[in-house]
K.L.:
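Structure incoming, see below.
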Amino acid sequence: MPIPCTPDLRWRLIESALENAAPDLLIRGGKTWNAYTGEVEIADIAICGDRIAKVGTWSAALDAATSVIDATGMIAVPGYIEPHTHLSPFCSPLSFAERAVCHGVSCVVFDQLMLALPLGPEVLERVTTALSQASLPLFFWLARTASQSRFRDEEAWFGPEIVRRQLESPSYLGTVEMTRWTELLDKRTAMRFLEVFEQCRSSGKLNDGHFAGARTQKLAALATTGIRSCHEAITTEEALDRLRLGLWVLLRHSSLRPDLPVLLDVIGKTRFHDRLVFTTDGATELRIDERGVSDGLISLALERGVAPDIAYRMATLNPATYLGLDDDLGAVAPGRIANVNLLDNLNNPTPRVVICRGRVAARDRQLTVPAPSASFPWSAVYRTDLLCVPAWDAARFFLPADAPNPFPAGRLVNGAITRVAPTALTASDKGLWPSEPDTLVLAVTDRSGAFISRGIIQGMGAGIDVIATSYTTNAGILVLGRTPEIMAEALKRLRRLGGGSVAASTDGKWVEFAFSMSGIHSTCDFSTGVEAARRFSDLLREAGYAHSDPVYTLLFLTADFLPEVRATEAGWYSVKDDRVLFPAESLSAPWRGRPRFCMACMRPWTTFSAVSARYHCA
């Protein structure tokens, strides 16, 4: 998809390339790495507007208005591209992008799921457009075609017509991450997705994939669906399997899955590297503060012996080509957008100077221009009245008498995966409750408090008393607690914040953070977000959390695609068996007291009259 350039600017580029007109900015005296040939040569870089006019010796006179950067002793490489990332809750999308610029990233591509669910299609269109227009780096979106946690009326958010309208926007590059990929292998569910994928392809945009756990025949079948890529390889052989099928392979190194040291071995096992791309896949604020963004991935690759030409292409020209932006991005070359990083040398990918869209945007990891996030009209663009944190008392959190006993609790085995661990429940006059140590009761609802789905989690941390958050995969409310009373207290605090994250340890320490934008993210600057994320993480780790990333652990407890048990709108759900182990309780008419989903086929009921029994299609 080309990035527009006016004829007037094209003519200025021609005149400057011929040295008939002076550029706006001249980078003089340095070397330039060529993304097409790998050559490193002394070359000046002439820039007009936001485009490169010339790469080579500038011998003509300059105007008084021309700015000059002395790049002697430095080497110019293209601005880095982050092709697949996700919103983080403790900062805003704009402040995330601003910090990414400080690490040399001049183009960021976001999954919009965490905005789509709380805002709805109409407000989402306004928000994504406004963020893309305001952002310091180039800022694009990928559209979801399904949720990560099934809910009633899902097609009103992700139906073909909704996605088609999103793809008409120049800020959208395609679709993203169909996590429920098994639905693509069943004609009853596949056809609406295949329609969307073809709409996307016909408009010259891409379909991004998510084939976690798919192997051999199923993986080959998924490669026929019109999806271009997958970032879910966790071994060298899985990466090779995807390459052999013609898929682009995004090598991931994220907060939750820091797999790059293993995946880099694929470089030595294939003769071609043009379909390999780096991604942080949603690194959190702490991860970026400690390890950087694309520069950190390049650095890790160089430390592991990857040739610089390969490593830098995997963060520049390769992702540009993957995204369909290689006519405009991915190289320091005439006509391309002037995203240029000036490095001390190729062994140190964190830039000294960042030129982003034709202007100096950062030096020594500090912005040199105003941060758009500081002046963005957040409340005017978003809707902040779309989250209703319910006012539940302690009695609501007890497991009812008909709950399975022992209960199929989910024990965390890493930051994302649970395994079933039967747990005994003790009865009282108020209901059932677990008595085993290191056990937290879970309660989930949507943004209106229309239901409660209950479960039990073990292995979160023996010293954690309670956590409540509105940053969840279903965009609703999640509460984990040791007692009903502490869960009610945490929910009360979350309601007072208007959404966010609240946590307490068993020694009485509390932390509270407001996510003022619809309960999904804050509007603070990145440094403030880092400190908030660190306080949240520190409390949980001091209380015994021992996994990779607590933010993602909490986020995915409401997902319906990760093993083994999760809390969804249907209830406490076994992912592998596609079966509800304990139904959610409906709290609003006309569903009050009845299952919201068929317990046999996992489809939502369409009308109240249909709910005559526990099963309707068995």
Side-chain angles (χ1 to χ4, degrees), residues 2-37 39-81 98 101-102 104-107 133-139 312 316-317 320 325-346 351-364 366-372:
I3 299 174
C5 180
T6 66
D8 286 344
L9 179 54
R10 289 289 183 195
W11 180 246
R12 286 192 63 205
L13 296 175
I14 292 169
E15 286 281 83
S16 190
L18 295 171
E19 298 193 1
N20 293 332
D24 297 323
L25 174 65
L26 184 68
I27 302 172
R28 173 166 265 173
K31 296 179 179 180
T32 297
W33 173 76
N34 192 303
Y36 303 110
T37 67
E39 296 169 296
V40 176
E41 296 181 330
I42 295 175
D44 302 327
I45 304 169
I47 296 170
C48 294
D50 67 350
R51 299 268 172 170
I52 297 172
K54 179 176 182 177
V55 180
T57 302
W58 182 271
S59 55
L62 297 174
D63 289 346
T66 301
S67 299
V68 178
I69 296 175
D70 183 1
T72 302
M74 291 189 278
I75 183 167
V77 300
Y80 308 139
I81 299 171
E98 290 152 12
V101 165
C102 294
V105 176
S106 303
C107 177
Q133 291 174 347
S135 174
L136 179 56
L138 290 162
F139 196 106
Y312 279 93
T316 57
L317 187 58
L325 300 175
D326 51 311
D327 282 349
D328 296 287
L329 300 177
V332 179
R336 273 51 177 186
I337 288 179
N339 291 338
V340 180
N341 292 334
L342 298 180
L343 314 179
D344 285 328
N345 53 68
L346 289 179
R352 288 270 305 279
V353 181
V354 178
I355 295 91
C356 182
R357 295 204 267 186
R359 60 176 179 162
V360 177
R363 290 181 182 271
D364 298 320
Q366 299 294 320
L367 288 183
T368 58
V369 295

K.L.:
Please list, chain by chain and in numerical order, all residues satisfying side chain to side chain donor-acceptor pair (under 3.5 Å) with D327, sequence neighbours excluded.
P.N.:
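Testing D327 for side chain to side chain donor-acceptor pair (under 3.5 Å), a comparison that skips the adjacent residues, returns none.
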K.L.:
Mind jotting down which residue pairs meet the ring pair (Phe, Tyr, Trp, His ring centres under 6.0 Å) criterion with at least one end in residues 6-30? Sequence neighbours excluded, please.
P.N.:
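As it turns out, there is no ring pair (Phe, Tyr, Trp, His ring centres under 6.0 Å) pair with a partner in residues 6-30 once direct neighbours are skipped.
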K.L.:
Within this structure, what is the CD1-CD1 distance for the pair I69 and I27, rounded to the nearest 0.5 Å?
P.N.:
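If I round to the nearest 0.5 Å, the distance is 5.0 Å.
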K.L.:
Looking only at heavy atoms, which two atoms of V354 and V101 are closest? And how far apart?
P.N.:
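Answer, listing the atom of V354 first, then V101: CG2-O, 3.4 Å.
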K.L.:
With side chains defined as the heavy atoms from C-beta onward, is the minimum distance between V332 and V77 less than 4.5 Å?
P.N.:
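SC-SC contact between V332 and V77 ruled out.
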K.L.:
Quick one: do T32 and V40 satisfy side-chain contact (heavy atoms from CB on, under 4.5 Å)? Show the steps, please.
P.N.:
CA-CA 5 Å; T32 297; V40 176; over 6 Å; no
K.L.:
If every non-hydrogen atom of P78 is compared with every non-hydrogen atom of G330, which pair is closest and at what distance?
P.N.:
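Nearest pair, atom of P78 first, then G330: CG-O, 3.5 Å.
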K.L.:
What heavy-atom pair brings I52 and A333 nearest, and what distance separates the two atoms?
P.N.:
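Closest heavy-atom pair between I52 and A333: CB-O, 3.5 Å.
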K.L.:
Return the set of residues passing side chain to side chain donor-acceptor pair (under 3.5 Å) with K54 (not counting sequence neighbours), or none when no residue passes.
P.N.:
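Testing K54 for side chain to side chain donor-acceptor pair (under 3.5 Å), a comparison that skips the adjacent residues, returns E19.
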K.L.:
I3 and L138: side-chain contact (heavy atoms from CB on, under 4.5 Å), yes or no, with the steps?
P.N.:
CA-CA 10 Å; I3 299 174; L138 290 162; 4.2 Å; yes
K.L.:
With D24, which residues qualify under side chain to side chain donor-acceptor pair (under 3.5 Å), at least two apart?
P.N.:
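Testing D24 for side chain to side chain donor-acceptor pair (under 3.5 Å), a comparison that skips the adjacent residues, returns R12.
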K.L.:
Using a cut-off of 6.0 Å, state whether more than 12 heavy atoms not belonging to I42 lie near its atom CD1.
P.N.:
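No, CD1 of I42 has 12 or fewer neighbouring heavy atoms, counting only those of other groups under 6.0 Å.
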K.L.:
So, does N341 use its side chain to make a donor-acceptor pair with the main chain of P351 at under 3.5 Å?
P.N.:
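The answer is no, because no donor-acceptor pair under 3.5 Å joins these two groups.
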K.L.:
Can you measure from CZ (R336) to CG (L317) and round to the nearest 0.5 angstrom?
P.N.:
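The CG atom of L317 is 8.5 Å from CZ of R336, to the nearest 0.5 Å.
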K.L.:
From I337 CD1 over to S106 OG, what is the distance, rounded to the nearest 0.5 angstrom?
P.N.:
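Taking CD1 in I337 and OG in S106, the distance rounds to 10.0 Å.
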K.L.:
Are any non-hydrogen side-chain atoms of N339 and L329 less than 4.5 angstrom apart?
P.N.:
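Yes - at least one pair of side-chain heavy atoms lies under 4.5 Å apart.
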K.L.:
Please check: side-chain N/O of R357 versus main-chain N/O of P137, any donor-acceptor pairing under 3.5 Å?
P.N.:
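Present.
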K.L.:
Quick check: does any side chain N or O of W58 sit under 3.5 Å from a backbone N or O of A60, one acting as donor and the other as acceptor?
P.N.:
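The answer is yes, because a donor-acceptor pair under 3.5 Å joins these two groups.
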K.L.:
Hey, does the side chain of T316 reach the backbone of Y312 with a donor-acceptor pair shorter than 3.5 angstrom?
P.N.:
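Indeed, once roles are kept as given, a pair shorter than 3.5 Å links the two residues.
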K.L.:
Is there side-chain contact between P372 and E98, with heavy atoms separated by less than 4.5 Å?
P.N.:
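They are in contact (side-chain heavy atoms under 4.5 Å apart), so the answer is yes.
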K.L.:
Taking only residues two or more places apart in sequence or in another chain, which ones pass side chain to side chain donor-acceptor pair (under 3.5 Å) with T37?
P.N.:
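Checked T37 against side chain to side chain donor-acceptor pair (under 3.5 Å); matches are E39.
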K.L.:
Taking atom CG of L346 and atom CD1 of I75, what is their separation to the nearest 0.5 Å?
P.N.:
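Taking CG in L346 and CD1 in I75, the distance rounds to 4.0 Å.
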K.L.:
With sequence neighbours left out, write down each residue that passes side-chain contact (heavy atoms from CB on, under 4.5 Å) with S67, or none if nothing qualifies.
P.N.:
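For S67 the side-chain contact (heavy atoms from CB on, under 4.5 Å) partners, ignoring immediate neighbours, are L25.
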K.L.:
Under the rule for side-chain contact (heavy atoms from CB on, under 4.5 Å), what residues qualify as partners of A21, not counting sequence neighbours?
P.N.:
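Listed in chain order: E15.
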K.L.:
In Å, rounded to the nearest 0.5 Å, how long is the span from SG of C356 to CG of L367?
P.N.:
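With rounding to 0.5 Å, SG (C356) is 10.0 Å from CG (L367).
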K.L.:
Name all residues meeting the side-chain contact (heavy atoms from CB on, under 4.5 Å) criterion together with A17; count only those two or more places apart in sequence or in a different chain, and write none if there are none.
P.N.:
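Expected list: none.
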K.L.:
Between T66 (side chain only) and P23 (backbone N and O only), is there a donor and an acceptor less than 3.5 Å apart?
P.N.:
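Checking the backbone N and O of P23 against the side chain of T66, a donor-acceptor pair under 3.5 Å is found.
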K.L.:
Which residue pairs pass the side-chain hydrogen bond (donor to acceptor under 3.5 Å, both in side chains) test when at least one of the two sits in residues 41-52, sequence neighbours left out?
P.N.:
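Every side-chain hydrogen bond (donor to acceptor under 3.5 Å, both in side chains) pair that includes a residue of residues 41-52, provided the two are not neighbours, is R51-D328.
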K.L.:
Any side-chain heavy atom of P334 sitting closer than 4.5 Å to one from V55?
P.N.:
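With C-beta onward as the side chain, the pair touches.
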K.L.:
Is R352 close to R363 at the side-chain level, that is, under 4.5 Å between some pair of heavy atoms?
P.N.:
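Contact flag for R363/R352 side chains = no.
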K.L.:
Test of understanding: with side-chain contact (heavy atoms from CB on, under 4.5 Å), list the residues that count as partners of D8, not counting sequence neighbours.
P.N.:
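For D8 the side-chain contact (heavy atoms from CB on, under 4.5 Å) partners, ignoring immediate neighbours, are T6.
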K.L.:
Taking only residues two or more places apart in sequence, or in another chain, which ones meet D70 in a salt bridge (Lys or Arg N to Asp or Glu O under 4.0 Å)?
P.N.:
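By the salt bridge (Lys or Arg N to Asp or Glu O under 4.0 Å) rule, D70 matches no residue at all.
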K.L.:
Return the minimal non-hydrogen interatomic distance between A76 and L342, and the atom names on each side.
P.N.:
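Looking at all heavy atoms of both residues, the closest pair is CB-CD2, 3.7 Å.
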K.L.:
Just wondering, do Y80 and C107 contact through their side chains at under 4.5 Å, heavy atoms?
P.N.:
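Side chain of C107 against side chain of Y80, heavy atoms only: no contact under 4.5 Å found.
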